[in-house]
Structures are given as structure tokens and as C-alpha cells.
Amino acid sequence: MNDPRIQQLNRKHCVEGQYVLYWMQQSQRAEDNPALEYAIRTANKLGLPVVVAFGLTPDYPDANLRHYTFMLQGLRDVSRKLARRRIRFVVQHGNPPEVALKLGHNAAEIICDRGYLRHQRRWRSDMAGEAKCLVEQVECDAIVPVEVASNKRESSARTFRPKVFRLQHLFLDRPPTAKPKVSASGLSLNCLNLKDEDSVLGVPILDVSVKPVSFFKGGTHAAKARLSRFIRSRLRGYSENRNQPGLDYLSHMSPYLHFGQISPAYIVRKIRDSGKGTQKDRDSYLDELIVRRELAINFVHYADNYDRFDGLPEWAQSTLQQHRRDKRKKIYTLKELEDARTHDPYWNAAMNEMKSAGYMHNYMRMYWGKQILAWSLTPEIAFKTVLELNNKYFIDGRDPSSYANVGWIFGLHDRPWPKREIFGSVRSMTIGGLKRKANPDAYVKKVERLLRSQ
DNA sequence: ATCGGCTCGCGCAA
DNA sequence: TGCGCGAAGCCGAT
């Protein structure tokens, strides 16, 4: 049986080479990584060593020092873990597909992992087109490979849920580990010294406008520790409390998932087998991890314009257009928003949490975005503002989930609701609703504590 | 505190 | 063709 997670990206063959190359880019982890284990098995079959390579580009779209610092912490974990397994790891500065091609020049075969955003797809197809040897891609990011789950853009979680739920069981097992049979120690390959932060990140064009955060430490080790803590103390009551922004019923897995530092299948197994919380708690968490996360992947995969206003559903675009001239009570500039200087203390707290933690409580993300729609001159400007702030400050920004979450503010994967000013039939959220359903004053206190501790 | 109405497109049953 | 239903909506009536 062919594994649908493995795809050939070109029609070339294995060639004479010194090693099998695993070009690691999206899934930055040395365990629970199907591409890595597949590369080792392939190398063993060919009687060759395996080399793992990572291309570090200083101008990754929308990335700044906050993201790079988190990523570097994770790469150090990868480096340690691979060294313990006696697998060669090479990190080089450069455009990732070019790094892969350069190292791939001496490879018998290239294996890569999978990413869904426009540039990630282009990187892989460019590389596969130019490589002299066979290139195979292994799904390590989605649990159910995107085209196996559905062959089209899904309109909502309701239509996607049964499809992904039916198939997930086929893809949840831990990938069998393999031991490399041939050592790569004789190969002479340049590698950045990951311990030397200045030489790795001190590249002039790297955007240093946003500071690293202390709230999150990157890497597989930190991710697993955080997950255990969540399961131990916050899974029970999750379903009831997750929309209370003053509380901390969150797993905080999304930054780690964004960089591939933890495997989604690993999280599913841990939650499922934990015996903690009620069935409802576990189901509600897994619905977010599996259905919502993979619906976002479905969206960016099938909608070429996933990062634009015209990628929204027709009904949402037209209702927002019909209300584009509605009177706004307030209109804030990007600068005023970014400085958290609005009349709304709850909104300001959310903006401050975003800036200093690199994170925002899920419920507040919705409220925060809906208010930007209400306070912008046009829905298109609001869309740009929400996306820009999202990608600049969130460690988990620039992810398929970011684009789906931003879209949701403007009606994506949602249904119409009674017409209101500005929003039309897009779902609105108000300060009254926030006070009614949540305890925003507790949230403001939480953020104040966070700011003091910085 | 809880309930119904608001509104559109999808997928399924008929 | 009809019908039920949907990630966290709002508001006003009871």
C-alpha cells in the first residue's frame, strides 16, 4: 500500500550520491517526524548516510527577531537530538530551496517535509524542478494529508469535520524510528554554530523591530513540557473555561505547531490517552487541534488568495461592501491601534498582551479583530491591519491558522447573522457581549501582571 | 437567566 | 425541492 503522505515532486530517479538529504524546513523536530524516519530508511536501503539540512533565510516573509529567536531555540533542540542519534545536521544561511539544491547536488535523493503557504509550495516545486535527483515530500504537518481529507475548498467546519474525523485514525501512529547504518562523519559540510546567536541572527537585513518574548521558549522540549502541564492541570474544565480570557485554560501549543517543533499526532495521542478531563473536555480540545487547524490548511491550500480580502466568501464580501459607507463611531490609525491607545480598555489590554507575550487569548483574538473592523475606514483596510498586526507580533503568526482566523473576523467559515451597521450580516461582537459572557476585568488584571513582570 | 428570531449556503433525504 | 444546521453573534421579551 502506498502511503498517501509521501509524494514524488519530480519524475527523476535516485542517482549516484554521497548521502540522502532530508531538507528540513517546516517540521523542525527530530522526533515524531515521518520525513526524517523515511529519509533514514531510504538512506539505509541505499547504503548511504543521511544528512539533515536547514536553510535559514534572514528575510522570511513577515518574520522578525521575535520569530527568529524562538525558531533558533528550537533548532538547537533539533541539533542536540540529532547528534544523540548520530545524524548529521547542517544549518546554513541562504534561501532555503537554494541551500537544499546546493547540498542536494551531492545527494542520491532529496526528501522534504511539507508547507502550505504560497512561498513554501513554490520553494519545494522550484527545488524539485532543478534538482538532478528524485525529490519526495512527506506530510508531517497535517494529520490527514490535505487532499486526502477533501478535494475542494470547504465552506465550514460543519462540512469538513466528518471527513477529517473519519480518516484521522489512519495517521495518528508514531512513525517507526530507524537507526542510520552508515555514518556521515567523513563528509565535509559547513554548518552555522547555533550556540553563537550573533553569527546566526546578526544578519544586517534581518528585521529586529520586534523584541523576543520571555513568555515562550522555543523547542520540542519546552513544547512537550508545556503540553504535560496543560494536560495535568488544565484539561479538566477546558471545555467550560476556554473562553474565559481572565483564566489560563489554553495549551499554548500553536507557536510550537507553527514551527513544527511538536507533532500534531503526538498531541492527539497524549490528549486522547491521558485519562484527564471529561470526554467533552478532550473532544473540545481535539476539535480545535484537528478540525479547525486542518480546515485552515484546507483553506490556504485551495484558496490562492488566502491572504486577501477577495479570498473571503462571496456573501461576506458583498454584505461588507453594502455597508462600507456606514458611519463609524471611531476610526483609529494603525499607529493608534498598535500603541494600544483606543477608548476600549479591554481591547487595549488585548493589544498589549499581543505585543508583550507574542500571544493573545483565543477569545480576545476574535473580539480584537471584530473591533478593528468596526473602527476602520473600510473593510479592506481593516483586513490589512488585522493581518499585519497578527503576523508581526504573534509567534504563531504567518501560519495557515492565522489566515483562517483573520478571515473568520470577516465571515470566513462562518454563517450570516442579522444585519448590523458596518458588519452587514457578518457576525459582530460588542463590548456588551464581552462583559455579558466573559470577565474582561479579570483579563485586564492578568495583562497588567504580565506587563509588570516584563 | 433563558429563549427566539435574525440569515445564507451546503449536503442530504426524498 | 425541502429541511436542518452551523466556533464562541446581538437584542429584546419573558
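From a predicted model like this one, the values you see are computed outputs, not experimental measurements.
Counted by atom type alone, A:Glu154 and A:Thr159 present one or more donor-acceptor pairs between their side chains at under 3.5 Å.
In this entry the distance linking CD of A:Gln322 with C1' of B:dT7 reads 13 Å, nearest Å. Rounding to whole angstrom units, CG of residue A:Asp414 and P of B:dC8 are separated by 14 Å. Note: NZ (A:Lys435) to P (C:dC11) measures 12 Å, nearest angstrom. Rounding to whole angstrom units, CH2 of residue A:Trp417 and P of B:dT7 are separated by 12 Å. In this structure, the CZ atom of A:Arg436 is 8 Å from the C1' atom of C:dC11, given to the nearest Å. Going from atom CD of A:Glu240 over to atom C1' of C:dA8 covers 15 Å, rounded to whole Å.
Not counting sequence neighbours, the partners of A:Ile331 by the side-chain contact (heavy atoms from CB on, under 4.5 Å) test are A:Arg328, A:Leu377. Checked against ring-ring contact (aromatic ring centres under 6.0 Å, His included), A:Tyr306 has the following partners two or more places apart in sequence or in another chain: A:Tyr403. Scanning for side-chain contact (heavy atoms from CB on, under 4.5 Å) contacts around A:Pro61 gives A:His119, with sequence neighbours left out. With sequence neighbours left out, A:Phe89 forms a ring-ring contact (aromatic ring centres under 6.0 Å, His included) with no residue at all. Applying the side-chain contact (heavy atoms from CB on, under 4.5 Å) criterion to A:Ala316, with sequence neighbours excluded, gives A:Pro313, A:Val426. Evaluation of the side-chain contact (heavy atoms from CB on, under 4.5 Å) rule for A:Val210 yields A:Asn64, A:Arg66, A:Lys392, A:Tyr393 as partners, not counting sequence neighbours.
For residues 265-297 of chain A, the pairs satisfying ring pair (Phe, Tyr, Trp, His ring centres under 6.0 Å) are A:Phe230-A:Tyr285, A:Tyr238-A:Tyr285, with sequence neighbours left out.
Which of C:dA7, B:dC8, C:dA8 sits closest to the side chain of A:Arg427 comes down to C:dA8. Listed nucleotides: C:dC11, C:dA8, B:dT7. Nearest to the side chain of A:Arg420: C:dC11. Comparing atom distances between the A:Ala157 side chain and each of C:dC10, B:dG9, C:dA7 picks out C:dA7 as nearest.
Remark: A:Trp368 CH2 to A:Met429 CE distance equals 13.5 Å, nearest 0.5 Å. To the nearest 0.5 angstrom, A:Asn362 atom CG is 11.5 Å from A:Arg292 atom CZ.
Aromatic ring centres of A:Trp375 and A:His343: separated by under 6.0 Å. Between A:Tyr346 and A:Tyr367, the distance from one ring center to the other does not fall under 6.0 angstrom.
Side-chain N/O atoms of A:Ser428 include none lying less than 4.0 angstrom from OP1 or OP2 on C:dC10. For A:Arg415, no side-chain nitrogen or oxygen approaches OP1 or OP2 of C:dA7 to under 4.0 Å.
Taking a 4.0 Å limit (strictly below) on heavy-atom distances, residues 363-385 of chain A reaches DNA chain C at A:Tyr363, A:Met366. DNA chain C is contacted by no residue of residues 245-257 of chain A, taking any non-hydrogen atom closer than 4.0 Å. Contacts between residues 286-303 of chain A and DNA chain C, defined by a heavy-atom separation under 4.0 Å, are made by A:Arg292.
Stacking of A:Arg124 on the aromatic ring of A:Trp23 is recorded, both the 6.0 Å distance cut-off and the 45° axial limit being met. A cation-pi contact links A:Arg415 to A:Trp417, judged by a cut-off of 6.0 Å to the six-membered ring centre and 45° from its axis. In this structure, A:Arg242 is not positioned above the aromatic face of A:Tyr249 in the sense of NZ or CZ being under 6.0 Å from the six-membered ring centre and within 45° of the axis.
Using bins of under 30°, 30° to 60° and over 60° for the plane-to-plane angle, the ring pair A:Tyr443/A:His361 lands in the perpendicular bin.
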- Nucleotide pairing, DNA chain B (Watson-Crick or G-U, distances under 3.5 Å), in dot-bracket with [ ] and |: ||||||.||||||.

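Nucleotides B:dG9 and C:dC10, compared at atom P, are 23 Å apart to the nearest Å. For the P atoms, the distance from C:dA7 to B:dT2 is 22 Å, rounded to whole Å.
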Under 3.5 Å, N/O pairs linking protein and nucleotides 10-14 of chain B:
from	atom 1	to	atom 2	distance (Å)
B:dC10	O2	A:Arg158	NH2	2.9
B:dG11	OP1	A:Lys152	NZ	2.8

- Task: Determine, stepwise, if the pair A:His323 / A:Phe423 fulfils ring-ring contact (aromatic ring centres under 6.0 Å, His included).
- Result: CA-CA 7 Å; A:His323 291 264; A:Phe423 288 84; 9.6 Å; no

